[in-house]
Amino acid sequence: MAWRELWAGYLAFYEATVPEAVTAATWARILAPDPTYSAVVAELNGVVVGFANLVLHDFTWSDRPAGLLHDLFVRPDVRGSGAGRAMIQHVIDQGKRDGWNRVYWMTKEDNAVARRLYDTFAPADGFVRYRVRL
Ligand SMILES: CC(C)(COP(=O)(O)OP(=O)(O)OC[C@H]1O[C@@H](n2cnc3c(N)ncnc32)[C@H](O)[C@@H]1OP(=O)(O)O)[C@@H](O)C(=O)NCCC(=O)NCCS
């Protein structure tokens, strides 16, 4: 399945591993009717070449939800052809249509290629993430 292959490429990019059960659960949540988890894919010549996973969540500073672009990946051989930009724009357009408060995402500070793309949507907001593993 295309999403799974791309998901594996995304995890490899981050040199990360996710147990198969978690991958299966994530995919099941994306397919479920609950709008909390969803995904968009990019197609080139009828082939899925990229995906973005989205988590829609409540937000204490607004009565409207926030859309978190959780994962974004485009197959290496088709990068630079506009797939990444198209998926982000699609999610922003969806958020505008559905009345979300914001669409936001995070990336590593040194991910220069991704940030070149992201900087064309909005400037980085200066927040720094802290994470306590449990
Ligand atoms: C980040 C990523 C999703 C961008 O996808 P993409 O389809 O290549 O992006 P686009 O084709 O829409 O590129 C848009 C911009 O990004 C930059 N860019 C993307 N790929 C590039 C490349 N190979 N070389 C130079 N610039 C590049 C350019 O500034 C480009 O601007 P342009 O549209 O004016 O030419 C893709 O590079 C990727 O999957 N990277 C690995 C995983 C990753 O970093 N994910 C993001 C984690 S938060």
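Just so you know, ligand 1 is whichever comes first in the structure, and atom 1 is the first atom listed for that ligand. Just so it is clear, the model here is predicted, and its values are computed rather than measured.
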Relative to the heavy atoms of [X], which atoms of ligand 1 are at a distance of less than 4.0 Å?
X	result
T107	47 (C), 48 (S)
A83	7 (O), 11 (O), 12 (O)
A114	1 (C)

From [options] - option closest to [atom] by heavy atom:
atom	options	value
atom 6 (P) of ligand 1	G9, G84, A52	G84
atom 21 (C) of ligand 1	V113, L69, V74, V78	V113
atom 37 (O) of ligand 1	R75, R85, R79, H70	R79

Quick one: look up the protein heavy atom nearest [atom] and list residue, atom name and how far away it is.
atom	answer
atom 43 (C) of ligand 1	F13 CE2, 3.6 Å
atom 44 (O) of ligand 1	N111 ND2, 2.8 Å
atom 29 (O) of ligand 1	R116 NE, 3.6 Å
atom 16 (O) of ligand 1	L117 CB, 3.5 Å
atom 47 (C) of ligand 1	Y14 OH, 3.1 Å
atom 11 (O) of ligand 1	G82 N, 2.6 Å
atom 45 (N) of ligand 1	L72 O, 2.8 Å
atom 8 (O) of ligand 1	G80 N, 2.8 Å

Note to self: Is M106 close enough to touch ligand 1? Criterion: a residue heavy atom under 4.0 Å from a ligand atom.
What the structure shows: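 The answer is yes: ligand 1 sits under 4.0 Å from a heavy atom of M106.
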
Checklist line | Heavy-atom gap Y118 to ligand 1 smaller than 4.0 Å | finding: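 True for this residue.
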
Check: Side chain, backbone, both or neither: which part of F73 has a heavy atom under 4.0 Å from ligand 1?
Finding: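 Both parts.
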
Notebook entry, point to check: With backbone taken as N, CA, C and O and side chain as the heavy atoms from C-beta onward, which portion of A42 lies under 4.0 Å from ligand 1: side chain, backbone, both, or neither?
Noted result: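 Contact part for A42 vs ligand 1: neither.
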
Margin query: Nearest 0.5 Å, please: how far is CG in D98 from CZ in R64?
Written below: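 Between atom CZ of R64 and atom CG of D98 there are 11.5 Å.
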
Item checked: Separation of R85 CZ from F121 CZ (nearest 0.5 Å) ->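 With rounding to 0.5 Å, CZ (F121) is 5.5 Å from CZ (R85).
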
If only atom types and distance count, is the side chain of [X] paired as donor or acceptor with the main-chain N or O of [Y] below 3.5 Å?
X	Y	value
T120	L117	yes
R75	G50	no
S81	V78	yes
R79	V74	yes

Checklist line | Under-4.0 Å protein heavy-atom contact, atom 2 (C) of ligand 1 | finding: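 For atom 2 (C) of ligand 1 the answer is no, since every protein heavy atom stays at 4.0 Å or beyond.
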
Next item on the list: Determine, counting only non-hydrogen atoms of the protein, whether one lies under 4.0 angstrom from atom 26 (N) of ligand 1.
Entry: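 Within 4.0 Å of atom 26 (N) of ligand 1, protein heavy atoms are found.
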
Check: Looking at I88 and Y118, what are the two nearest heavy atoms and their distance?
Finding: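 It is CD1-CE2, 3.7 Å.
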
Margin query: Strictly below 4.0 Å, N to O, side chains only: are E20 and R4 in salt-bridge contact?
Written below: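 Judged by the 4.0 Å cut-off on N to carboxylate O distance, E20 and R4 do form a salt bridge.
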
Next item on the list: Would you mind telling me which of V91, V40, L68 makes a side chain to side chain contact (heavy atoms under 4.5 Å, CB included) with L54?
Entry: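 Result for side chain to side chain contact (heavy atoms under 4.5 Å, CB included) with L54: V91.
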
Notebook entry, point to check: When hydrophobic residues are tied together by side-chain contacts of less than 4.5 Å, even through go-betweens, does I92 share a cluster with F73?
Noted result: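 No, because I92 and F73 fall into different hydrophobic clusters, even though each may have its own neighbours under 4.5 Å.
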
Checklist line | From Y10, W27, W3, residue fulfilling side-chain hydrogen bond (donor to acceptor under 3.5 Å, both in side chains) relative to N53 | finding: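 Output: one option passes, namely W3.
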
Notebook entry, point to check: Hey, do the aromatic rings of H57 and Y104 have their centres closer than 6.0 Å?
Noted result: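 For H57 and Y104, the ring centres are under 6.0 Å apart.
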
